[in-house]
Amino acid sequence: MASSDLFANYEQDFTSITESIKEKLERQIPNQKGEERKATIRAIEREIDEADEILGQMEMEILNIPTPSRTRLQAKLRLYKSEAEKLKRDLRRTTAIVPKNSDREELLGGIGSSDDLQNDYDASTMDQRQRLLSGTERLGQSSRRLEDSHRLALETEGIGINILSTLKGQRETLIRARDTLTEADSHIDKASKTLKGMARR
């Protein structure tokens, strides 16, 4: 399968996952509370992880695509990354909102409960998790750039070795040519002396 076809498949997977995340954020979570709400948030977190993995695969595939098409796909990838970041922000905002009219609030007459603390904790944990994911992604990008630089250095070294080998061969050819000319000059001198001697006789 061509790299462009793989990229298109990743695009379809990414679109499917982001639509699922939006459905949960916009329609399910606002009507949920308690354990049901937490389960939906965990499902969204898993889907966000999958979306990040797909973006990573798309980024790798772009490297194998010819340059004329690569620029266009890189622009699309940037849009997908922006969309993923927006979904992460939406999730953080959603988890920071305490559901109203929960069963516990009704029992306590609106007094703040441990659910408030739990939601604050969940929001803080999610924020830390996203920072870790972003840091991991940046490290991955840096590693890939280092690998590319190392590969380029090896290629340059190989070219340098070939050039030095060629220059060495040319130097040896020039030395042999010089020796041949020196020997020819010697023969010419001898012949010249012989001819002069014959002329005098």
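The distance from atom OG1 of T95 to atom CD of E45, rounded to the nearest 0.5 Å, is 8.0 Å. Here E53 contributes atom CD and I17 contributes atom CD1; the two are 8.5 Å apart, rounded to the nearest 0.5 Å. The line from CD1 of I44 to CE of M126 is 8.5 Å long, rounded to the nearest 0.5 Å. One distance of note links CD1 of I29 with CD of E23; it measures 11.0 Å at 0.5 Å rounding. The CD atom of Q57 lies 12.0 Å from the CD1 atom of I62; values are rounded to the nearest 0.5 Å. Atom CD1 of I175 sits about 11.5 Å away from atom OG1 of T180, to the nearest 0.5 Å.
Summarising the geometry of L87 relative to L25, their closest heavy-atom pair is O-CD1, 4.1 Å, with the distance given to 0.1 Å. Between Q28 and Q32 the shortest heavy-atom distance is O-CG, 3.1 Å. When all heavy atoms are compared, the tightest approach of K24 to P30 is O-CD, 4.3 Å. Taking all atoms of both residues into account, the shortest heavy-atom contact from R70 to L63 is NH2-O, 3.5 Å.
The backbone N or O of I65 sits nowhere less than 3.5 Å from a side-chain atom of S69 that would complete a donor-acceptor pair. Using modelled atom types, no side-chain atom of S16 and backbone atom of Q12 make a donor-acceptor pair closer than 3.5 Å.
Residue pairs that meet the ring-ring contact (aromatic ring centres under 6.0 Å, His included) test with at least one member in residues 34-63, sequence neighbours left out, do not exist here. Listed by first and then second residue, the ring-ring contact (aromatic ring centres under 6.0 Å, His included) pairs involving residues 9-58 are F14-Y80 (not counting sequence neighbours). Residue pairs meeting the ring-ring contact (aromatic ring centres under 6.0 Å, His included) criterion with at least one partner in residues 22-59, sequence neighbours excluded, do not occur; the list is empty. Screening residues 26-66 for ring-ring contact (aromatic ring centres under 6.0 Å, His included), with sequence neighbours left out, gives no hits. Pairs passing the salt bridge (charged side-chain N to carboxylate O under 4.0 Å, His left out) check and including a residue from residues 88-97, sequence neighbours excluded, read D52-K88, E85-K88, K86-D90, D90-R93, R92-D127.
One hydrophobic cluster holds both L6 and L73 under the rule that ILVMFWY side chains link at heavy-atom gaps under 4.5 Å. Note: the hydrophobic cluster containing M60 does not contain L77 (ILVMFWY, side chain heavy atoms under 4.5 Å, direct or indirect links).
The shortest side-chain heavy-atom distance between Q74 and E59 does not fall under the 4.5 Å cut-off. Counting only heavy atoms from C-beta outward, the side chains of I21 and L91 never approach each other to under 4.5 Å.
Screening R171, E172, Q170 for a side chain to side chain contact (heavy atoms under 4.5 Å, CB included) with K168, the sole residue that qualifies is E172.
Residues that satisfy the side-chain hydrogen bond (donor to acceptor under 3.5 Å, both in side chains) test with T18, not counting sequence neighbours, are absent from this structure.
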Worked verdict on R178 versus E183 for salt bridge (charged side-chain N to carboxylate O under 4.0 Å, His left out): CA-CA 9 Å; R178 186 191 64 188; E183 186 177 353; over 6 Å; no
